[in-house]
Amino acid sequence: MTLHRFYCENITTPTVELNDSQARHLYAVLRLNTDDQVELFNGQGKIAAARIISATNKKTTLKIESAQTIKNKINNNIIIATSIAKGDRFDWLIAKCTELGINRITPVMFERTVKLPKNPKIVERWKNITIESAKQCKTPFLPAIDNPLKLTDAIKTLTADYPDSILLFGSPDTNCPSITDLNTMSKNIIAFVGPEGGFTPEEESFLKNKNTKPVKLTNTILRIETAAIAFASALAIQRDKN
């Protein structure tokens, strides 16, 4: 039987508690209760089988029965540095990148980025989306999500964190090499996705000066979320051949 899955940041003690939203889902939505068994994950590779000791709408206490830790690959990180899209389109992008096992999502503010988030808790909202997506797709890892950054800051931050990475950006130039022709296995990859309307000439020049290679995704013009998922899918397929 497949166990219902819940996010629990701290799986280090014999008994743990679920936060409000996870407890509410367990008790009020799924109607689980005392002595039912569930699976917990902390988003960092630790998974545990646990049994419910007590449950209410606001607080659930569980006993850890067994646990295992899955190690993430060190040199196969995929980072999607993407322009912010409008409304639920960016929510969808984050959910699908989580399903594909992307390691980090960096929202980037380009010159032609139309929608900038005004919600001061937007990153917390995005993180909650990754949790719900991870519960469904059974990944043991959550992607890191950055605060929105300008392109210059994103390049500086990401290349410092991944100094030996391959840098790519999606280009509408059909003469560029295809993403499927590149050998990206056993490498950290940072993939930049531009806004609708594309990169400005200055941004494209800046990326190339930072040794960022233009690649072709398809022969068509893609929306932000489609391009991000195309990038993520192609890179994840290559990585997971290992």
Side-chain angles (χ1 to χ4, degrees), residues 1-80 88-105 121-146 185 225 228-229 231-242:
M1 183 182 73
T2 301
L3 298 178
H4 291 291
R5 199 165 192 246
F6 299 92
Y7 174 69
C8 182
E9 188 173 354
N10 180 24
I11 309 178
T12 58
T13 56
T15 59
V16 297
E17 292 181 358
L18 296 185
N19 65 25
D20 286 353
S21 62
Q22 297 296 297
R24 191 178 309 113
H25 186 214
L26 180 150
Y27 183 76
V29 178
L30 297 176
R31 299 187 181 280
L32 301 178
N33 216 319
T34 303
D35 209 38
D36 286 333
Q37 191 178 46
V38 301
E39 181 180 272
L40 305 177
F41 75 106
N42 71 349
Q44 303 298 317
K46 192 163 188 178
I47 300 173
R51 195 168 297 277
I52 300 171
I53 297 173
S54 62
T56 69
N57 217 10
K58 295 183 178 180
K59 179 181 176 181
T60 297
T61 304
L62 307 103
K63 180 181 179 182
I64 303 297
E65 296 188 327
S66 63
Q68 62 174 316
T69 300
I70 300 170
K71 292 185 178 180
N72 210 350
K73 296 178 180 179
I74 298 174
N75 294 319
N76 289 96
N77 289 284
I78 300 172
I79 300 92
I80 300 296
D88 59 3
R89 290 167 48 202
F90 202 68
D91 294 352
W92 185 86
L93 182 159
I94 289 171
K96 299 307 171 186
C97 280
T98 303
E99 287 182 37
L100 289 164
I102 300 311
N103 302 91
R104 184 168 176 175
I105 302 168
K121 295 184 177 181
I122 190 63
V123 175
E124 182 180 338
R125 169 182 164 78
W126 290 336
K127 288 180 179 178
N128 286 334
I129 291 171
T130 69
I131 290 170
E132 294 308 310
S133 183
K135 286 168 64 176
Q136 181 273 327
C137 72
K138 300 294 184 180
T139 177
F141 302 103
L142 294 175
I145 300 187
D146 294 307
M185 290 189 290
E225 67 275 22
I229 299 307
F231 245 139
S233 300
L235 294 172
I237 289 168
Q238 288 197 40
R239 177 192 62 191
D240 294 347
K241 286 180 181 178
N242 289 348

Residues at least two apart in sequence or cross-chain that pass side-chain hydrogen bond (donor to acceptor under 3.5 Å, both in side chains) with Asp146, listed by chain then number, are Arg104, Thr106

Contacts of Tyr7 meeting side chain to side chain contact (heavy atoms under 4.5 Å, CB included) (sequence neighbours excluded), chain-then-number -> Glu9, Gln22, Phe41, Ile131, Leu142

Contacts of Lys71 meeting side chain to side chain contact (heavy atoms under 4.5 Å, CB included) (sequence neighbours excluded), chain-then-number -> none

Once you round to the nearest 0.5 Å, how far does [atom1] of [X] lie from [atom2] of [Y]?
{"X": "Asn77", "Y": "Leu235", "atom1": "CG", "atom2": "CG", "value": "12.0 Å"}
{"X": "Leu40", "Y": "Leu62", "atom1": "CG", "atom2": "CG", "value": "5.5 Å"}
{"X": "Leu26", "Y": "Thr60", "atom1": "CG", "atom2": "OG1", "value": "4.5 Å"}
{"X": "Thr130", "Y": "Phe141", "atom1": "OG1", "atom2": "CZ", "value": "14.0 Å"}
{"X": "Ile11", "Y": "Asn42", "atom1": "CD1", "atom2": "CG", "value": "4.5 Å"}
{"X": "Ile80", "Y": "Leu100", "atom1": "CD1", "atom2": "CG", "value": "9.0 Å"}

Side chain to side chain, [X] and [Y], heavy atoms closer than 4.5 Å:
{"X": "Phe6", "Y": "Val16", "result": "no"}
{"X": "Thr13", "Y": "Ile64", "result": "no"}
{"X": "His25", "Y": "Leu30", "result": "yes"}
{"X": "Asn33", "Y": "Tyr27", "result": "yes"}

Applying salt bridge (charged side-chain N to carboxylate O under 4.0 Å, His left out) to Arg89 and not counting sequence neighbours gives Glu196, Glu225

Salt bridge (charged side-chain N to carboxylate O under 4.0 Å, His left out) filter on Asp91, not counting sequence neighbours, yields Arg125

Open item on the list: Heavy-atom count check: over 12 atoms from other residues, nucleotides or ligands less than 6.0 Å from Lys135 NZ?
Closed with: yes

Exercise. Let me see the working for Leu3 and Gln37 under side chain to side chain contact (heavy atoms under 4.5 Å, CB included), right down to the final yes or no.
Key: CA-CA 7 Å; Leu3 298 178; Gln37 191 178 46; 4.0 Å; yes

Donor-acceptor check, side chain of Asn103 to backbone of Ile78, threshold 3.5 angstrom: yes or no? yes

Check [X] against [Y] and note the closest heavy-atom contact, atom names and distance.
{"X": "Ala23", "Y": "Leu18", "result": "N-CB, 4.0 Å"}
{"X": "Thr98", "Y": "Ala134", "result": "CG2-N, 4.0 Å"}
{"X": "Thr2", "Y": "Lys138", "result": "CG2-NZ, 3.8 Å"}
{"X": "Ala95", "Y": "Ser133", "result": "O-OG, 2.9 Å"}

Problem - Lys96 with Glu99: basic N within carboxylate O range, under 4.0 Å - result: yes

Side chain to side chain donor-acceptor pair (under 3.5 Å) pairs touching residues 43-58, sequence neighbours excluded, are Arg51-Glu65

